Protein chains: 2
Amino acid sequence: MSTGAPSESLFAPTCDHPAAEDPAVEALVRAIIGQVADKWTLLILEELAERGTMRFTEIGRAVGDISQKMLTKTLRDMERMGLVSRTVHPVVPPHVDYALTDLGTSLGAAFCGVWLWAAENRERIEAARATFEAREKR
Amino acid sequence: MSTGAPSESLFAPTCDHPAAEDPAVEALVRAIIGQVADKWTLLILEELAERGTMRFTEIGRAVGDISQKMLTKTLRDMERMGLVSRTVHPVVPPHVDYALTDLGTSLGAAFCGVWLWAAENRERIEAARATFEAREKR
DNA sequence: CGGTATCCTCCTCGATACTG
DNA sequence: CAGTATCGAGGAGGATACCG
């Protein structure tokens with residue numbers, strides 16, 4: 001922000017290799033991150049974290065430009081991992097509520113550092129990109 | 001610097017919506033995360049964070065099962081974003097060194113929270129998956 | 001309303017071959 | 001050693017139509 005030193009003490013200072021000790025664990029962790037770091041997952045996570053319980057189409061509208069297929073798929077995957085809970089109210093017309101579990105909420109908190117990093121360093125990245133493009137042409 | 005960042009210092013523990021205030025910023029941040037949360041990017045980031053300066057084939061060997069194409073592409077993308085620096089030593093045979101920039105190092109630190117989350121909650125996720133599969137069958 | 005099923009289109013990614 | 005160029009398979013993801 002005002003001074004340098006962006007976000008050093010948000011979490012553990014260095015975090016050299018959290019799960020790198022066990023290659024099997026690392027592979028699993030990597031797989032988890034791969035699924036969790038999905039565009040739609042992140043967006044849905046955000047919306048649910050902000051608004052609490054939401055209905056299917058409500059999430060679709062909030063996220064904006066997501067197809068029904070991707071919305072269903074992403075919600076299922078999140079449910080499968082235990083990030084969201086799905087509650088069906090047996091009425092007509094159907095009514096299905098989605099909400100973050102504790103696990104989902106904690107994931108949102110974990111991603112906070114990355115969000116802040118991206119927000120803080122957005123201009124730096126754009127500048128780097130411009131520099132790279134310029135150097136590329138020469 | 002930042003266009004109208006009113007120093008929102010009320011980013012308390014939970015980090016509800018870091019950049020959600022400005023949709024344009026959020027879109028850019030999302031794009032950044034999308035690129036940064038790539039499987040190979042994460043792995044290369046890890047290796048470079050642990051070992052420091054490395055050469056092209058050295059990174060390839062360390063990461064393990066990455067094709068030359070993906071290694072080149074990912075390193076270029078990371079360089080483009082200013083995450084790594086690329087130094088060519090004009091000798092025969094060619095010698096190219098890669099190292100994390102300050103930005104790259106800070107990204108590694110930011111991702112620390114997610115790594116820890118994934119490592120800590122690995123078993124919980126696997127349990128949730130098992131539960132989901134079981135419920136699916138009924 | 002909240003899905004599932006089908007088709008179709010990019011676009012990523014790997015394998016292979018070649019080069020300075 | 002450190003790439004670039006080309007091809008081809010496969011999966012991600014959108015559009016559309018239909019169902020409980």
Side-chain angles (χ1 to χ4, degrees), chain A residues 27 30-45 47-48 51 53-81 84-99 132 135-138, chain B residues 27 30-44 47-48 51 53-81 84-99 132-133 135-138:
Chain A
R30 228 190 292 147
I32 292 169
I33 290 183
Q35 293 177 43
V36 134
D38 171 70
K39 173 188 175 185
W40 298 127
T41 303
L42 252 12
L43 286 174
I44 293 174
L45 198 71
E47 293 300 332
L48 285 176
R51 308 201 195 187
T53 299
M54 294 175 76
R55 298 179 59 174
F56 184 82
T57 46
E58 198 182 353
I59 299 175
R61 256 180 286 111
V63 167
D65 206 28
I66 186 173
S67 67
Q68 252 191 0
K69 179 183 174 180
M70 275 302 102
L71 183 54
T72 302
K73 181 186 184 304
T74 308
L75 284 171
R76 282 289 179 287
D77 290 344
M78 293 176 77
E79 195 193 350
R80 187 184 311 269
M81 290 192 290
V84 302
S85 64
R86 177 172 177 271
T87 311
V88 181
H89 302 282
V91 296
V92 293
H95 185 126
V96 181
D97 279 331
Y98 291 91
F132 188 88
R135 179 165 308 177
E136 216 172 16
K137 304 229 172 192
R138 293 196 295 105
Chain B
R30 229 190 292 148
I32 291 169
I33 291 182
Q35 292 178 43
V36 134
D38 171 69
K39 173 188 176 185
W40 298 127
T41 303
L42 252 11
L43 287 174
I44 293 175
E47 294 300 333
L48 285 175
R51 308 202 194 187
T53 299
M54 294 176 78
R55 296 179 59 173
F56 183 82
T57 45
E58 198 182 353
I59 300 175
R61 255 180 289 111
V63 168
D65 206 28
I66 185 171
S67 67
Q68 252 190 359
K69 180 183 173 180
M70 275 301 102
L71 183 54
T72 302
K73 182 190 183 302
T74 309
L75 284 171
R76 283 288 179 286
D77 291 345
M78 293 176 78
E79 196 193 348
R80 189 186 309 271
M81 290 192 289
V84 303
S85 63
R86 178 173 176 268
T87 311
V88 181
H89 302 281
V91 296
V92 293
H95 186 126
V96 181
D97 280 331
Y98 291 90
F132 187 88
E133 309 289 334
R135 179 163 309 176
E136 216 172 18
K137 305 228 172 191
R138 292 197 292 107

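Just so it is clear, the structure is predicted and the values come from calculations on it, not from any experiment. Numbered from 1 within each chain, the chains take letters A, B, ... in sequence-line order.
- If you check dC7(D), dG13(D), dG3(C) against the side chain of Lys69(B), the one that comes closest is dC7(D).
- Atom CE of Met70(A) is separated from atom C1' of dT9(C) by 14 Å (rounded to the nearest Å).
- For Gln68(B), counting side-chain heavy atoms from C-beta on, the closest listed nucleotide (dT4(D), dG2(C), dG14(D)) is dT4(D).
- Here dT4(C) presents its P atom at 8 Å from CZ of Phe56(A), a figure rounded to the nearest Å.
- Phosphate proximity of dC1(D) to Arg61(B): absent, as no side-chain N or O sits under 4.0 Å from OP1 or OP2.
- Taking both residues in full, the closest heavy atoms of Tyr98(A) and Arg76(A) are given as OH-NH1, 3.7 Å, listed atom of the first, atom of the second, then distance.
- Atom CD in Glu58(A) sits about 12 Å away from atom P in dC1(C), given to the nearest Å.
- OP1 or OP2 of dA2(D) sits under 4.0 Å from a side-chain N or O of Thr57(B).
- Met70(B) CE to Thr72(B) OG1: the interatomic distance, rounded to the nearest 0.5 Å, is 9.0 Å.
- Contact annotation: Tyr98(A) reaches the phosphate of dG3(C) (side-chain N/O to OP1 or OP2, under 4.0 Å).
- Ranking dC1(C), dC1(D), dG3(D) by closeness to the Pro93(B) side chain, first place goes to dC1(D).
- Of the candidates dG3(C), dT4(D), dT6(D), dT4(D) carries the atom nearest the Thr72(B) side chain, counting heavy atoms from C-beta on.
- Across every non-hydrogen atom of Met54(B) and Glu47(B), the tightest pair is SD-O, 3.9 Å.
- Atom NE2 in His89(B) sits roughly 23 Å away from atom P in dG20(C) (whole-Å rounding).
- Lys73(B) has its NZ atom 8 Å from the C1' atom of dT12(C), to the nearest Å.
- When Val36(B), Asp38(B), Thr41(B) are each tested for a side-chain contact (heavy atoms from CB on, under 4.5 Å) with Met78(B), only one passes: Thr41(B).
- The listed nucleotides are dG3(D), dC13(C), dG3(C); the one nearest the side chain of Val96(B) is dG3(D).
- The two residues Trp40(B) and Thr74(B) come nearest to each other via the heavy atoms CB-OG1, 3.6 Å.
- Between the CG atom of Leu75(B) and the C1' atom of dC13(C) there is a distance of 16 Å, rounded to whole Å.
- Toward the 5′ end of DNA chain D lies the nearest nucleotide of Ile66(A), the other residue of the pair Pro94(A) and Ile66(A) mapping further downstream.
- Contact annotation: Arg76(A) side-chain N/O to dG3(C) OP1/OP2 distance is under 4.0 Å.
- The interatomic distance linking Leu71(A) (CG) with dC1(C) (C1') rounds to 13 Å, in whole Å.
- Comparing atom distances between the Arg55(B) side chain and each of dA2(D), dT6(C), dC13(C) picks out dA2(D) as nearest.
- Rounded to whole Å, atom C1' of dG14(D) lies 10 Å from atom CG of Asp65(A).
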